[in-house]
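What follows is a short report on a single structure.
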Amino acid sequence: HVLPRALGRSMSRNSIPAIFREQVAALRSRPMVYSKRDGHWRPLTSAQMGEWVAAAAAGLCALGVSVGQRIAIYAPSSVEWMLADLAILSAGAVGVPVSETVMQETARYIFDDAEAQVAFVGSEDLLESFLQARTEASPVRTIVLFYEPSDPVIVPGLRVLSLLALERLGRESQLANTVTDRIESIASDDLLTLIYTSGTTGVPKGVMITHGNMIANCEAVARAIPI
């Protein structure tokens, strides 16, 4: 997540997406992240990330995602993962990370227990794993792929689209104000994410982390580690 530019002070916003927007406005032309493309590390500016996150968040709203709804991310760490997470939060929803290394049965349990109706999926292999483990009772109704499939993915009972298609949907939806309203309505004690335990002593358990929890963590890190 995004630390404030003035690391010595307390954060002035109640939520992670509000802080993200504040930093985008302050650091528009500066690199936010680097992404490896064609064998080279290429910068993505704060302005670029801000625009893509806003478009994806509007796309989620256009899909009918409601405030507080749980949305899973089944993918390894990547720029797309960060974009999806910030889009989920900007839509007022709750992120549910699912490690790409967990067994199929564990991933299925997390999807079901979190009641995730939308899931971001990071690769063809992970999509295949998800579909193999999926049952008719699965709450997931929409899959957003981090890649552009070579052929249309058609699965009965599922809507499947790419992240780029989600962003296009958001730009066409005219729901930018809805995203802004949702961000401004987030309170510090609202749920940010459900992080599931490994399940070594039983079934995985979802740990509830609020926006305030994450902000307090970021403030503590900023005090302890000069950046």
Side-chain angles (χ1 to χ4, degrees), residues 1 15-17 53 56-78 80-147 149 153-163 165-167 169-170 178-179 182-183 186 190-199 202-211 213-214:
H1 290 299
S15 71
I16 292 297
V53 166
L60 291 174
C61 292
L63 289 176
V65 167
S66 58
V67 172
Q69 184 173 322
R70 284 81 179 274
I71 299 179
I73 307 178
Y74 188 30
S77 179
S78 64
E80 290 81 6
W81 198 107
M82 177 180 176
L83 192 159
D85 188 43
L86 286 165
I88 290 167
L89 301 180
S90 297
V94 176
V96 182
V98 183
S99 172
E100 77 280 8
T101 63
V102 300
M103 298 182 67
Q104 283 185 356
E105 295 79 6
T106 302
R108 180 180 63 197
Y109 175 85
I110 294 172
F111 286 123
D112 293 352
D113 187 69
E115 299 180 343
Q117 297 177 36
V118 179
F120 288 84
V121 176
S123 68
E124 291 182 357
D125 288 343
L126 290 175
L127 176 63
E128 182 179 355
S129 177
F130 168 80
L131 294 177
Q132 288 176 353
R134 178 174 175 259
T135 67
E136 291 184 1
S138 172
V140 178
R141 292 293 176 264
T142 301
I143 294 287
V144 181
L145 304 173
F146 281 176
Y147 61 94
V153 179
I154 300 174
V155 182
L158 276 180
R159 176 175 183 173
V160 182
L161 70 162
S162 69
L163 180 56
L166 179 70
E167 292 172 19
L169 176 64
T178 298
V179 173
R182 291 192 181 189
I183 291 173
I186 298 172
D190 285 341
L191 190 61
L192 170 97
T193 185
L194 282 175
I195 298 179
Y196 277 79
T197 62
S198 62
V203 296
K205 299 174 180 63
V207 179
M208 302 171 70
I209 297 183
T210 68
H211 287 264
N213 294 150
M214 185 64 71

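Computed over heavy atoms, backbone and side chain alike; hydrogens, waters and symmetry mates excluded. In this chain, numbering begins with 1 at the start of the sequence shown.
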Going through the distances and angles, do I73 and I88 end up as a side chain to side chain contact (heavy atoms under 4.5 Å, CB included)?
CA-CA 10 Å; I73 307 178; I88 290 167; 3.8 Å; yes
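Just one of L192, V94, L191 meets the side-chain contact (heavy atoms from CB on, under 4.5 Å) condition when paired with M208; it is L191. Of the candidates Q69, R141, R159, V118 forms a side-chain contact (heavy atoms from CB on, under 4.5 Å) with just one, namely Q69. Between L161 and the options L145, T142, V153, a side-chain contact (heavy atoms from CB on, under 4.5 Å) holds for only T142.
In this view, P139 and D112 satisfy the side chain to side chain contact (heavy atoms under 4.5 Å, CB included) rule, not counting sequence neighbours. In this structure V207 satisfies the side chain to side chain contact (heavy atoms under 4.5 Å, CB included) test together with T197, I209, sequence neighbours excluded. Listed by chain and residue number, Q104, E128 satisfy the side chain to side chain contact (heavy atoms under 4.5 Å, CB included) test with Q132 (two or more places apart in sequence, or in another chain). Listed by chain and residue number, V102, M103, I110, P204 satisfy the side chain to side chain contact (heavy atoms under 4.5 Å, CB included) test with T106 (two or more places apart in sequence, or in another chain). Partners of E100 under the salt bridge (charged side-chain N to carboxylate O under 4.0 Å, His left out) rule, at least two apart in sequence or in another chain, do not exist in this structure. Residues meeting the side-chain hydrogen bond (donor to acceptor under 3.5 Å, both in side chains) test with D113, sequence neighbours left out: Y196.
Nearest heavy atom pair, residue A72 against residue V98, reads CB-CG2, 4.3 Å. The minimum heavy-atom distance linking G122 with F146 is given by the pair CA-CD1, 3.6 Å. In this structure, S90 and A57 approach most closely via the heavy-atom pair CB-CB, 3.8 Å. The minimum heavy-atom distance linking I183 with S15 is given by the pair O-OG, 4.1 Å. Listed here is the closest heavy atom pair of W81 and P97: CZ2-CB, 3.7 Å. In plain terms, the two heavy atoms of C61 and T178 that are nearest each other are SG-CG2, 4.2 Å.
With values rounded to the nearest 0.5 angstrom, S99 atom OG is found 12.0 Å from I195 atom CD1. How far CZ of F120 is from CG of L83: 8.0 Å, rounded to the nearest 0.5 Å. Put simply, CG on L194 and CD1 on I71 are 12.0 Å apart, with the number rounded to the nearest 0.5 Å. Atom NZ of K205 is separated from atom OG of S198 by 9.5 Å, given to the nearest 0.5 angstrom. The CZ atom of R134 lies 10.5 Å from the CG atom of L127; values are rounded to the nearest 0.5 Å. Distance OG1/T210 to CG/N213: 3.0 Å, rounded to 0.5 Å.
Taking 4.5 Å as the limit, every side-chain heavy atom of L89 sits out of range of all side-chain heavy atoms of T193. Two residues are said to be in side-chain contact when any heavy atoms from C-beta on lie closer than 4.5 Å; V160 and V121 fail this criterion. In this structure, P76 and L126 have side chains that are in contact, with non-hydrogen atoms separated by less than 4.5 Å. The side-chain heavy atoms of L131 and L158, taken from C-beta on, include a pair separated by under 4.5 Å. Put simply, the side chain of L60 does not reach to within 4.5 Å of the side chain of V179, judged on heavy atoms.
Note: Y74 and F111 have perpendicular aromatic rings, judged against thresholds of 30 and 60 degrees for the angle between ring planes.
Judged purely by atom type and a 3.5 angstrom limit, R108 uses its side chain to pair as donor or acceptor with the backbone of A133. A donor-acceptor distance shorter than 3.5 angstrom exists from the side chain of R182 to the backbone of A91, with no hydrogens or angles considered.
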